[in-house]
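So you know, we letter chains A, B, ... as the sequences are listed, proteins then strands, and number each from 1.
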Amino acid sequence: MSLTSILLILLGIALLGSFYAKSHVLKMAGSQVTAMHSLPNHHFAYTFLVTLLPSAIVAIIWSLSEQTVIMNLVVGTFPENIQALPADLMSLTMTKFQNFLNGVVFGEPDPWMVASGEAYVSMVSNSRWGATLVSLILAGLGVYWAVSRIEPQFRARNRVETIIKGFLIVCSIVAILTTIGIVVSVLFESIRFFREISIFEFLFGTHWSPMIAMREDQAGSSGSFGAIPLFTGTLLISAIAMSVAIPVGLMSAIYLSEYANQKARSVLKPLLEILAGIPTVVYGFFAALTVAPFLAQNGASLGLDVSTESALAAGIVMGIMIIPFISSLSDDVINSVPQSLRDAAYGLGATRSETIRQVILPAALPGIVGAVLLAVSRAIGETMIVVMAAGVAARLTANPLESVTTVTVQIVKLLIGDQEFDSPKTMAAFALGLTLLVITLCLNIYALHVVRKYREQYD
Amino acid sequence: MTEATMTNEVVEKTGVDRKVPDQTVGNVYVDEPRMTSRAVDVYYGDKQAIDGVTLDIGAQEVISFIGPSGCGKSTFLRCLNRMNDTIDICRVTGEIALDGQNIYDPSIDVVPLRARVGMVFQKPNPFPKSIYDNIAYGPRIHGLATDKVDLDNIVEESLTKAGLWEEVKDRLEQPGTGLSGGQQQRLCIARAMAVSPEVILMDEPCSALDPIATAKVEELIHELREQYTIVIVTHSMQQAARVSNRTAYFHLGKLVEVGETKQIFTNPTHELTQDYITGRFG
Amino acid sequence: MNTHASAASATEVVQQGLDKRYSAESRFKIYGILGISIAMVFLFILMFSILSTGIPAFSKSKILLPFYMDPEVINVEDLADPAAARKINLRKIVNDSKAAFFGATERADKRQLEEVVSTLAQLEVLEHIRANPEDVGQTVELWVTADDEAGRWYKGEVDETLPENRRPLNDQQIEWLKRLTAEERVKTTFNDTFFQGGDSRNPEQAGILAALKGSFLTLIVTLGLSFPVGVAAAVYLEEFAPKNRFTDLVEVNINNLAAVPSIIFGLLGLAVFLNIFGMPRSAPVVGGLVLTLMTLPTIIISSRAALRAVPPSIKDAALGLGASPMQTVFHHVVPLALPGMLTGTIIGLAQALGETAPLLMIGMVAFIVDVPQGFTDASSVLPVQIYLWSDSAERAFVEKTSGGIIVLLMFLIAMNAMAVLLRKKFERRW
């Protein structure tokens, strides 16, 4: 039986059991609802949950793990000479076997394959029966358990609420699981990478060319993995982005919060928000289609040699993307400076700009620094703009007119397309991911800390 | 305070010693109490908000709690149906009993407790639902109505008791938030009555109302005293004098004096009560 | 007298400094205006460049050509059966007909005609002849799709001043196209192929339906998981969680997750969902899972804000009536916070819809021709399709890319407008 039909049957059992439980408890209480601890519907819900939850969870886990378990068992039925194959040949054989199971056969299948195939089929059908039987028994036990406990004074509502609360807790743990998943998945591959390539070579090496294999059979030799050019490239592009975004974003925020009238604000703020809502792939296309050719042409007419994948183009567009981020955060920060400070300055006869420069900005500075740090972390982690507009070749340069590559670009390039999973190439992507994660996380934690300190000051 | 302290011992028919605590003057005990509190302390974190309050609340009486702001009268009121449970840092010690049963006993479920001890709040807080649904909510969650007709009856009865029926019977489906402030507060009282509580706690029920609406609510309290035990916290001494038959005066978390309302307002024993009544502070 | 004089001089000093201060004032204001103007100019240039290159993607050029339905090639019996009809050598019909029309006899000339008429013409001829079998043996005038390069020429996008060898169309081909115009055999129609089918190597055949469907399926998964989980987590943290180290940890966690670069979520998906759980590559279900984890922090944070905005007096009222905390929250607080939570969810989904990088990691960059039918079919999504097209060499893909971006932006605008409306409609002042 398929998982869907098992689940449907379980649902049916749970519903029937719950209706029975409800009428049962009503009969016991002589239809005197006020004499009962919980409403009949709570008894219904209790029976329903107790019946459905365990059996459905077992059924789902069973069918999710079924494939892996059966495959492992089937390998045991292979002839010994096949089981003794080296790992790479074995995986090839497994693919062949998988194809055979899916009905894709080239020529006459080997006899052992037919035998193991039959074993596979019978195991699958046994497993299906097992899943059905076990979950049905669990559902039956659930109904029995619930009905036997139910009586008018039974605290069904409290039980149901405990179960719901359990669900709520599980949902809030998802966030922690995600973090653990991220850390583990990135760390695990990175450690394997650092076993083959020294961490010092990775962090301080100046030559990055992971794609060029020197010799096919050489272990860990698909290239050199010195990530310094990537780091400098990332820094260069982020620096260009910030030098666009900080002045424009900050001045926009100051204008919007201190100068603009209500009408101008109501038009300009949503327009800035549009800038924030544009997907990064659009910015990337804009950089590659409009900005880069524009810079290259104008550079040429000025006698400059501007690469079509220049760091400048990617950086400027990334800066545009970050403008609304900086301006909305700074706007918040500036608005949380108390009115009394402004009044004090105005009362002394300061002009508006003097008030802003000498009173508001110094007061808001920690908050603005926090906002800028958050923006930097976003720039470092940005992917699509640089994938589409920056280069692939790792070059150690500080010249914004040349093409550089970044950490995120390399992650994408290493993992897109056909990948051999265990090669240092793919593991290198995870090591880069780890670096990226550590840097952005540190920036964020520090920035959030600065912002929180700032908020507390005026609360 | 010490010089005014006096101890009077009352030996009841049962023969149990009923000692009035040092901090309080007046008779804290009644013959057939509905609710009793014994040496109740309440802490918010490290701060003590209520200090050793012992007080009986009789059946079918209206008792008012008065005292200056921050004296703990609202805190004590919220202890009576465990509304303080919602505040994490709040801790209650001592014993509060409803019909002889300690409501802070771990085996007590607060849900039926609050159905028996209802509450009306300072600011009218109707649910943003229809007038009908506001009243019907309590009976629904407690399963008090067997069918729609029954529920309709409960709604009509409660609104009638609250003197609101004539005003709203044609617009039961309109949102309760659309009523005037006084009507909203009477709606909240009706909502509390719809679950047939034994005790109704009112936390400054008129503080957000104008004098005319206040008069209507006071009139309502007057009528309700026949059926319910009402505990009312108020800032207005006139109101306490008008609606209650007993009055308790709180000061800095302590119950200073309790007695017949007439006696408290005409002839207070404790110096602090006297100061408050005569308007020297408060 | 003396003090009077010094007071007067103080006023004078202030007066003297005023001009300088006021000019500083206006300079500063100009910087502010400059800042906001630069941002607006960027927005304008971006929108203009996307729109001007993208609008042509929604139209296509059709040309009217006579086709000789050669009875030796088309077997009338085959037409009824779709499988047999597909085997008809339509290529010959189209090639012979267009060669005859343009008078191309040389092999080289015939090859040049490929840049004039799209291969879609074969399908269009087949469609016509299946609907009208009586036309076999006749010569029929049919509107067929022009090739992408011809289409760009008709839209005026080919620079004729370039030397012949640097132009996509040579003089001979342009001659033919001009002849078609002169004979009024050219028309521009709505590009319906763009909204049908999937990716193609031929720009004039490439469509976004497959990517749209992929995005739709992915978002369904994201919505189905992230909304309940996000709301449940928010409800727990805001209404039930005790204040202790564990809940602090969860909070810090959520704030940091919100700032983790999206590509890292892609690495998570690749390592955990694909390699450990063995889920299918390029599938909407995996994309949806990754985007769920990515949007959860957004949804949780905005849902908590919405829950916090519900006044405590409502909670008191319900609790005072004897509702349990769970009943209070689910009967009163959650319904009142729902519009706010939905707004947050829609904004989170809009982010997810525009997200590209993590999906590249889990293999959603495959070349997808067929419209995906289920959650486990290989599929692409709209932003990834845009990325793929932008990477293609043919010039005509530029307009497809911009066209795709316009469609994507339409959806984003619609979603954000929905969020704004929802907020406006249910905004409550307490």
Report task. Could you tell me whether the side chain of A:Arg265 and the main chain of A:Leu256 form a donor-acceptor pair under 3.5 Å? Result -> yes
**Report entry** Most contacts with chain A, counted as non-hydrogen pairs under 4.5 angstrom, among C:Ile264, C:Leu46, C:Leu257
**Finding:** C:Leu46
Report task. Report yes or no: do A:Glu354 and A:Thr351 form a side-chain donor-acceptor pair below 3.5 Å? Result -> yes
**Report entry** Part of C:Leu408 lying under 4.5 Å from any heavy atom of chain A
**Finding:** side chain
Query raised in the report: Can a salt bridge be assigned to the pair C:Arg304 and C:Glu239 using a cut-off of 4.0 Å between side-chain N and carboxylate O?
Result: no
Query - Ionic contact status for A:Arg352 with C:Glu25, cut-off 4.0 Å - result: no
Report task. Check whether C:Leu296 gets within reach of chain A through its side chain, its backbone, both or neither, counting any heavy atom under 4.5 Å. Result -> side chain
Report task. Would you indicate whether the side-chain heavy atoms of A:Phe286 and A:Met388 approach each other to under 4.5 Å? Result -> no
Query - Which atoms of C:Leu267 approach chain A - backbone, side chain, both or neither, heavy atom under 4.5 Å - result: both
Query raised in the report: Between C:Ser324 and A:Glu161, is any side-chain donor less than 3.5 angstrom from a side-chain acceptor?
Result: yes
Query raised in the report: Of the backbone (N, CA, C, O) and the side chain (C-beta and beyond), which part of C:Leu43 lies under 4.5 Å from a heavy atom of chain A, both, or neither?
Result: both
Report summary line: Max heavy-atom pairs within cutoff under 4.5 Å with chain A, candidates C:Ala232, C:Gly354, C:Ala350, goes to C:Ala232
Requested in this report: Look at C:Ile254, C:Asn256, C:Leu34, C:Val420 and state which one has the largest set of heavy-atom pairs under 4.5 Å with chain A.
Outcome: C:Asn256
Query raised in the report: Top residue by heavy-atom pair count (under 4.5 Å) with chain C, among A:Ile164, A:Thr280, A:Leu448, A:Leu443?
Result: A:Ile164
Query raised in the report: What part of C:Leu409 gets closer than 4.5 Å to chain A, counting heavy atoms only: side chain, backbone, both or neither?
Result: side chain
Report task. Go through A:Pro279, A:Gly381, A:Cys171 and name the one with the most non-hydrogen pairs under 4.5 angstrom from chain C. Result -> A:Cys171
Query - A:Tyr446, OH: over 12 other non-hydrogen atoms inside 6.0 angstrom - result: no
Query - Region of C:Thr53 that comes under 4.5 Å of a non-hydrogen atom in chain A - result: side chain
Report summary line: Residue from C:Tyr22, C:Tyr31, C:Phe246 scoring the most non-hydrogen pairs under 4.5 Å with chain A is C:Tyr31
Query - Contacting region of C:Val252 [heavy-atom separation from chain A under 4.5 Å] - result: neither
Query raised in the report: If you count heavy-atom pairs under 4.5 Å between each of A:Ile274, A:Ile254, A:Leu289, A:Val282 and chain C, which one has the most?
Result: A:Val282
**Report entry** Side chain / backbone / both / neither for C:Gln351 at chain A, heavy atoms under 4.5 Å
**Finding:** neither
Query raised in the report: Are any of the side-chain heavy atoms of A:Met321 and A:Arg378 separated by less than 4.5 Å?
Result: yes
**Report entry** A:Ser328 side chain to A:Asp331 side chain, donor-acceptor N/O pair below 3.5 angstrom
**Finding:** no
Query - Crowding at CZ, A:Phe294 (>12 non-hydrogen neighbours, <6.0 Å) - result: no
Query - Most contacts with chain C, counted as non-hydrogen pairs under 4.5 angstrom, among A:Val387, A:Leu436, A:Val186 - result: A:Leu436
Report task. Identify which part of A:Ile182 has an atom lying under 4.5 Å from any heavy atom of chain C, answering side chain, backbone, both or neither. Result -> both
Requested in this report: Drop me the distance from C:Ile33's CD1 to C:Ile38's CD1, to the nearest 0.5 angstrom.
Outcome: 12.0 Å
Report task. With a 4.5 Å cut-off on heavy-atom pairs, point out which of C:Leu412, C:Thr401, C:Asn255 contacts chain A the most. Result -> C:Thr401
Requested in this report: Please state whether the side chain, the backbone, both or neither of C:Ala39 comes within less than 4.5 Å of a heavy atom of chain A.
Outcome: both
Requested in this report: Look at A:Leu434, A:Ile356, A:Asn158 and state which one has the largest set of heavy-atom pairs under 4.5 Å with chain C.
Outcome: A:Ile356
Query raised in the report: Within the side chain of A:Thr290, is there an N or O that forms a donor-acceptor pair under 3.5 Å with the backbone of A:Ala287?
Result: no
